Amino acid sequence: MPLDIRTIPCLADNYAFLAHDPETGATALIDVPESEPILSALEDTSWSLTDILITHHHWDHTSGLAEVLAKHPARVIGSAADSIRLPPLDLAVSENDSFQVGSETFSVIDVSGHTINHLAFFCERSKAVFTADSLMALGCGRVFEGTKSQMWKSLKKLMALPSNTLVYSGHEYTAANAEFALTIDAENPELIARINEVNQQRASSLPTVPSRLSLELSTNPFLRASDPKIQNNLAMIGANPQDVFTEIRNRKDNF
Ligand code: ZN
Ligand code: FE
């Protein structure tokens, strides 16, 4: 049975997720932007928390941890290499490690770029990946600590996952990302259709997260650095995709 995954809006535009294994009752929380909405989601569902997965050290992904742990003791999992900047970990993990939450296996992918040692967690059986501030809906995280080539390498790992994977990213930035995407990909009919859907979702205050990886591959400009149409729009035909990605990221930084 696949995980039952709930999207929990937190702070101004963050998301946390609860991933519940119906077979065993085990429940993982992915990121802890603040405690209150997470505590009420646990109350609403009556799920008992077993694990807390931290994607990266930024405060808007970790701030609520102590308050959640005080009410729901759980195993805290995060990057071994970043343990010095993270709250105390019960399980420190690295790229290609995997661990169980109930009957589901979570595999660890290093997606450094936004921060060094940013992790993504992929659930093969449930076809879900938790990407926080690496791959986002119609976008990718700003590159703060790593290099743009590192971010491109990280995105390529995510692009190689099964295309029916659902991408659970860490922020509701999709409408703003859509405006930028149009500046370099205005003639993409799939992008235009997606933006119409995003606008409808946001008008009803619905989350645009998760999104299907196949849709990101056809509409997210940051994943399309190899696409001749994008390269043509950037006057970079035949350029190295990593350079095209860098140009797209630079433009977004100044958008
Ligand atoms: Zn962040
Ligand atoms: Fe963030």
Side-chain angles (χ1 to χ4, degrees), residues 5-19 28-38 41 52-68 76-87 89 92-95 108-122 128-155 157-158 166-180 198 202 207-211 216 220 222-223 245 248-250 252-255:
I5 302 174
R6 299 285 162 94
T7 299
I8 307 169
C10 294
L11 303 172
D13 54 27
N14 275 77
Y15 289 122
F17 304 98
L18 283 174
L29 166 66
I30 296 88
D31 281 344
V32 203
E34 61 174 336
S35 61
E36 209 181 284
I38 292 165
I52 300 176
L53 283 50
I54 305 288
T55 58
H56 66 295
H57 72 92
H58 283 160
W59 70 272
D60 64 314
H61 299 258
T62 56
S63 294
L65 183 63
E67 280 165 46
V68 170
V76 179
I77 303 171
S79 162
D82 228 8
S83 54
I84 204 157
R85 297 194 293 182
L86 292 171
L89 301 175
V93 296
S94 308
E95 169 117 299
V108 178
I109 307 172
D110 183 304
V111 289
S112 291
H114 174 73
T115 68
I116 304 289
N117 303 315
H118 188 313
L119 300 182
F121 302 103
F122 173 55
V129 66
F130 298 92
T131 59
D133 299 354
S134 58
L135 174 58
M136 294 175 151
L138 275 181
C140 76
R142 197 176 271 260
V143 178
F144 287 122
E145 295 178 5
T147 61
K148 291 188 171 101
S149 68
Q150 201 171 24
M151 180 61 112
W152 176 238
K153 204 173 141 204
S154 296
L155 293 178
K157 294 181 202 173
L158 297 170
L166 283 174
V167 180
Y168 292 82
S169 50
H171 288 268
E172 183 58 61
Y173 290 164
T174 317
N177 288 342
E179 281 180 43
F180 171 74
V198 164
R202 295 313 295 151
T208 62
V209 172
S211 57
E216 296 305 333
N220 185 326
F222 295 95
L223 302 188
F245 168 78
I248 298 170
R249 190 58 258 180
N250 286 340
K252 177 70 164 57
D253 291 347
N254 298 311
F255 182 63

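What you see is a predicted model; the values in this text were computed from it and never measured. Note that ligands are numbered from 1 as they come in the structure, with each ligand's atoms numbered from 1 the same way.
- For the pair ND1 of H58 and NE2 of H56, the angle whose vertex sits at the Zn ion (ligand 1) is 90° to 10 degrees.
- Ring to ring, F130 and Y168 are close: their centroids are under 6.0 angstrom apart.
- At a cut-off of 3.5 Å, with distance as the only test, no side-chain donor of E145 or H56 sits close to an acceptor on the other residue.
- For the Zn ion (ligand 1), the set of nearby N, O or S atoms under 2.8 Å includes none belonging to H61.
- Inspection of the environment of the Fe ion (ligand 2) yields the following protein N, O or S atoms under 2.8 Å: D60 OD2, H61 NE2, D133 OD2, H171 NE2.
- No other N/O/S atom of D133 lies as close to the Zn ion (ligand 1) as OD2 does.
- Nearest heavy-atom pair, E216 versus L138, reported as atom, atom and distance to 0.1 Å: OE1-N, 2.9 Å.
- Closest of all the heavy-atom pairs between V111 and A120 is CG2-N, 3.7 Å.
- Residues D133 and H58 bring no donor and acceptor atom of their side chains to less than 3.5 Å of each other.
- In this structure, Y15 and C10 have side chains that are not in contact, with every pair of non-hydrogen atoms separated by 4.5 Å or more.
- Here the shortest heavy-atom pairing between S134 and H118 reads N-NE2, 3.7 Å.
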